[in-house]
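Right, one structure below, let's go through it.
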Amino acid sequence: MKNYTKIIILALATVLGCKTDHALGEPTDLQGAKIDTTLLYGVWDSERGGDADFRITKKEFYLVDFFETSEYKIEGNKIKIKGSEFFQNGEILKMSEDSLKIRWIEQDIIVDYWKFNN
């Protein structure tokens, strides 16, 4: 059952990562740069106006659909998720107050996220 879940997540992330329209604010190109983590904190979704994908706080990375809480570490523009079955290493490519673009390294996909609004 776990393998089917991973396949579904990868398929959805691949399709959603192909989006070409960007967020409302002007994203910052972050390749190799140190990021402002306060912009990173919040709830993010990959379908503008859709369900939440994950939440990042000062202390945790939480995958909403899987009720999975993990520790994470930011180094430059890299995010390392510790103990997650689904995401381990990401490269934050662009970020603004309401948009985020991450390349998930193990899955070799790029996904656009938008800040979740209730």
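This is a predicted model, so every value here is computed, not measured.
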Practice problem: Rounded to the nearest 0.5 Å, what's the gap from OG on S70 to CD1 on I56? Could you check? | Solution: 11.0 Å
Exercise. Inspect the surroundings of CD in E97 and state if more than 12 heavy atoms from other residues, nucleotides or ligands are less than 6.0 Å away.
Key: no
Quiz item: Is it true that I105 and I79 fall in one hydrophobic cluster, defined by side-chain heavy atoms closer than 4.5 Å?
Solution: no
Exercise. For a side-chain contact (heavy atoms from CB on, under 4.5 Å) with Y72, tell me which candidate from F87, F61, Y62 qualifies.
Key: F61
Quiz item: In Å, rounded to the nearest 0.5 Å, how long is the span from CD1 of I35 to CG of L40?
Solution: 5.0 Å
Exercise. Kindly say whether Y41 contributes a backbone atom to a donor-acceptor pair with the side chain of K115 at under 3.5 angstrom?
Key: yes
Practice problem: Report the distance from atom CD1 of I81 to atom CG of N89, rounding to the nearest 0.5 Å. | Solution: 8.5 Å
Self-check item: Closest contact, heavy atoms only, A52 versus V43
Solution: CB-CG1, 3.4 Å
Quiz item: With K80, which residues qualify under salt bridge (charged side-chain N to carboxylate O under 4.0 Å, His left out), at least two apart?
Solution: E75
Quiz item: Which heavy atom of F54 sits nearest a heavy atom of L63, and at what distance?
Solution: CB-CD2, 4.1 Å
Quiz item: Should the heavy atoms of other residues, nucleotides or ligands under 6.0 Å from CD of E60 be counted, would the total exceed 12?
Solution: yes
Self-check item: Distance in Å, S46 OG paired with Y113 OH, rounded so as to fall on 0.5 Å steps
Solution: 6.0 Å
Quiz item: In this structure, which one of D98, D112, V64, L100 forms a side-chain contact (heavy atoms from CB on, under 4.5 Å) with W44?
Solution: L100
Quiz item: Shortest non-hydrogen contact from E68 to E85?
Solution: OE2-N, 3.1 Å
Exercise. To the nearest 0.5 Å, tell me how far N77 CG sits from E91 CD.
Key: 5.0 Å
Quiz prompt | Rounded distance [0.5 Å steps], CG in D36 versus CE in M95 | solution = 6.0 Å
Exercise. Search all heavy atoms of R55 against all heavy atoms of T57 and return the closest pair with its distance.
Key: NE-CG2, 3.8 Å
